[in-house]
Amino acid sequence: MYRTHTCGELSKESVGSVVTLAGWVNKRRKFGNLVFVDLRDRYGVTQVVFNPEKTTEFELAEKLKYEYVISVTGTIVARDEKNINTEIGTGEIELLASEIKILSEADTLPFEIFDSGKGEEDEELRLKYRFLELRRERLKENILFRAKMIGYIRNFMESRNFVDIATPILTVSSPEGARDFLVPSRLHKGKFYALPQAPQQYKQLLMVAGFDRYYQVAPCMRDEDPRADRSPGEFYQLDCETSFMTQDEFFTLMEPLFVELTENVAGKKVKSKPFPRIPFREVMETYGSDRPDLRYELKIREVTEWAKTTSFEVFTKADHVRLLAIPGGAEFTRAEIDNEYTDAAKRSHAKGLAWMKYDGTKFDGGISKFFTEEQLQELVQSQKIEAGSIVFFVADAWEVSCKALGAVRDMAGKKLQLADPDEIAWAWVVDFPFYEWNEDQKKIDFAHNPFSMPQGGMEALLNQDPLTIKAFQYDIIANGLELSSGAVRNKDAALMYKAFEIAGYGPEVVDKKFGHMIKAFSFGAPPHCGFAPGIERLVMLLRGEDNIRAVVPFPKNQKAEEPMVGSPSEVEDIQLKELGIKVDLSKK
RNA sequence: GGGCUGGUAGUUCAACUGGUUAGAGCACUGCCCUGUCACGGCAGAAGUUGCGGGUUCGAGUCCCGUCCAGCCCGCCA
């Protein structure tokens, strides 16, 4: 028998019993005639003591090195009062060893498992030895949390009559959306399957089929470049869809899941219940982002009217002038303002970032000299500027004036540590625009999913300025992350043809691309809506991680490679031949 | 595809304006140690400073090129 107990479960109650533990040598402390080993497994750490008077295998114990795998039999003894270790769960006892088996030796490690809290090793190295990094506490806990969370989600979904249905992995390529991963077909040379970017069409077909409530922890594959919060290549979604529910009913159905995950699984606080439902336009104008961190206030305000009364040309000529006053920001240095905040604003396409500081009686620095005393006092009164604030301005088109200050808001929130790490501020963003103006092609485009239901239906499509039509399209956001988009779907053929017509697509295009969907909808389709929160983002959010690779067991690097197994790789010529594929690596 | 930051021992970092033999912690090797828990002590081994070229009496440090990594933009609901 390799073990009778795990390294995390023994306590004072077990004193006197003979047990066998197995695990890895986490730490080892040698004295001449006494060896201590911290034995680690998935469940915890137990101290093992080797005393030459109690074991005939002391020489073996002296050979133990980091990460050897051993099995030790001995007696559980209580530690003396002064030797109790309160840092570990099993700190009141130790295993006095009599017998030891070395199950596996370990080479010198590329990095230490026991985390001494210094800097992090190069990520390339950690990915190459991911199986070692996964032994570390933080990563191990993230992976265990992920499993626990998915288990909780399944229970929640099942208890509400959702049915777990698997949809195809080998499916069909579609030109819109993200770039597809392709899989060549052997039986149909020259043809390709595509890996699903999301099971969007299948889940709608399941609604037509009458399954009523569907869910799946679904793998999604997209061949796009990664970001810190975006996995290269593949990720998972809690994909779900419901029939016969309005948008508000759907929110009410799903909200408890996020509350419970926050409170029961992660042990954190939910900032506001029920979750705020903020229209897109309002969230943009107030926070400068469609996924703001709502744990802190810092609201952007429009001051275009005030700006017109000044003689500062940058302001009087602009379509929109907005400001963001940051209490405490008067402390910002010139270098911070110029390099960090201005840079953030410019990345959001602002031409510049104007600022001035307010000490409670007067404004100083930046653009303050362009305004009269009366104009400044009016600003203090109307915007309730607090003493010690810095006031940032962006004068530009609507979107830029919002987004640039949103980027400034993000940076201030991070630098001033305005967010409580133990709090999750959930919210629904609703009323996304159905269409948007494509400046490059000078035409109207779908803003998001063309299958969303336009608010106002056919009436709106026929009579309203398309750019003012809203969709039953929503996001669930938290702490600056977008967890998911979702929508009430458009299941009406006439509505769909009209919606596409406005975006410049004739019925033949719709039929070619989506004929199978329209056909399905023509045989009795229930009204339906859903969403698909990202699993990795949920874990990141609930664990407070800011890199997606910290919550994925075997992630790909920035170039979408997996250094450990060496994917992607070349394949045998015979494999290519079977597929009728020739590789041409010449440029262009 | 573009921008920013970085690349020094197995690893994490240091080396002031160019200046002796490139240092330290952890890991590794050997020895000492019976109550440690980031144990301690003594000794030791460990480096093509990413790579190539240049400037210089002298380059880890300056210049040019190149490769690699992370983050950001593009892209991605």
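Quick note on labels: first sequence line is chain A, next is B, and so on, each numbered from 1.
- Tested against A:Tyr202 for a side chain to side chain donor-acceptor pair (under 3.5 Å), the candidates A:Thr171, A:Asp239, A:Thr167 yield a single pass: A:Thr171.
- Distances shorter than 4.0 Å separate none of the side-chain N or O atoms of A:Arg227 from OP1 or OP2 on B:rC75.
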Every protein N/O lying under 3.5 Å from an N/O of nucleotides 31-33 of chain B:
{"from": "B:rC33", "atom 1": "N3", "to": "A:Lys30", "atom 2": "O", "distance (Å)": "3.2"}

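- As judged by a 4.0 angstrom heavy-atom cut-off over every strand, A:Asn557 is placed among residues touching the sugar-phosphate backbone only.
- Taking atom CD on A:Gln237 and atom P on B:rA77, their separation rounds to 11 Å, with Å as the unit.
- A:Arg291 places its CZ atom 15 Å from the P atom of B:rA77, with the value rounded to the nearest Å.
- Residue A:Gln558 has a polar side-chain atom (N or O) positioned under 4.0 Å from OP1 or OP2 of B:rC71.
- Backbone-only contact: A:Thr108 has heavy atoms under 4.0 Å from sugar-phosphate atoms and none from a base.
- Residue A:Gly177 is classed as a sugar-phosphate contact, given heavy-atom separations below 4.0 Å to backbone atoms only.
- Looking at heavy-atom distances under 4.0 Å, A:Arg549 makes contact with sugar-phosphate atoms alone, never a base.
- Across all strands shown, A:Ile88 has no heavy atoms under 4.0 Å from either base or sugar-phosphate atoms.
- Heavy atoms of A:Glu94 sit under 4.0 angstrom from at least one base atom.
- Across all strands shown, A:Arg230 has heavy atoms under 4.0 Å from base atoms, whether or not it also approaches the sugar-phosphate.
- When the P atom of B:rC37 is taken as reference, atom CZ of A:Phe36 falls 9 Å away, rounded to whole Å.
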